[in-house]
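Some notes on the structure that comes next.
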Amino acid sequence: ACERQRQWEIAVALLEDMALQRCMPDHIAYNSAISACESGQRWDLALHLLQAAATAANEASREDGCYRQRLEPGYNAAISACEKTGQWQQG
């Protein structure tokens with residue numbers, strides 16, 4: 001819902017709230033927040049969240065080998081956010 005309405009601030013705040021409540025965000029939460037950042041053209045936050053998701057994937061991969069694969073929509077959204085804002089040109 002946050003993605004469709006370009007409310008990236010709410011999506012990021014929800015992820016932060018999850019951490020405060022000691023609730024580990026899953027791939028769905030990360031992908032949704034990254035997509036919301038893409039819609040809001042916040043490539044910097046999209047990349048930051050992707051890094052956090054990748055770190056979580058490394059932790060989860062011990063239990064669930066498919067976690068990293070489930071982040072594919074997040075990778076695509078982060079790449080798209082960079083493309084839309086011309087950040088792909090940065091070395």
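Worth saying up front: this structure is predicted, and the values here are computed from it rather than measured. All values below were derived from every heavy atom in this structure, side-chain atoms included, with hydrogens, water molecules and symmetry-related copies excluded. Numbers for residues simply follow the sequence, beginning at 1.
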Discussion item. I need the minimum non-hydrogen distance between Tyr75 and Ala54, along with the two atoms involved.
Written reply: OH-CB, 4.1 Å

Worksheet entry | Residues Thr55, Gln51; criterion side chain to side chain contact (heavy atoms under 4.5 Å, CB included); working and verdict | CA-CA 6 Å; Thr55 299; Gln51 179 63 43; 3.7 Å; yes

Worksheet item: At what distance, to the nearest 0.5 angstrom, does OG of Ser35 lie from CG of Asn76?
Response: 9.0 Å

Worksheet item: Can you name the nearest heavy-atom pair linking Ala78 to Leu50, along with the distance?
Response: CB-CD2, 3.8 Å

Fill in: For the student: nearest non-hydrogen atoms of Glu38 and Lys84, plus distance
OE2-NZ, 3.2 Å

Worksheet item: Do Thr85 and Gln41 get their side chains close enough for a donor-acceptor pair, meaning under 3.5 Å?
Response: no

Worksheet item: Does Ile79 belong to the same Ile/Leu/Val/Met/Phe/Trp/Tyr cluster as Ile34, with side-chain heavy atoms less than 4.5 Å apart forming each link?
Response: no

Discussion item. Is it the case that the side chain of Asn31 and the backbone of Arg70 share a donor-acceptor pair, with hydrogens and angles ignored and the cut-off at 3.5 Å?
Written reply: yes

Worksheet item: Do you know which two heavy atoms are closest between Trp8 and Leu45, and how far apart they sit?
Response: CZ3-CD1, 3.2 Å

Practice prompt. Supply the atom-to-atom distance His27 NE2 to Ser32 OG, rounded to the nearest 0.5 angstrom.
Written response: 9.5 Å

Worksheet item: Taking all non-hydrogen atoms of both residues, which atom of Ala53 and which atom of Leu71 are closest, and how far apart?
Response: O-CD1, 3.6 Å

Worksheet item: What are the two closest non-hydrogen atoms of Ala46 and Ala81, and how far apart are they?
Response: CB-CB, 4.2 Å

Worksheet item: With a 4.5 Å limit on heavy-atom distance, are the side chains of Tyr30 and Asp26 in contact?
Response: no

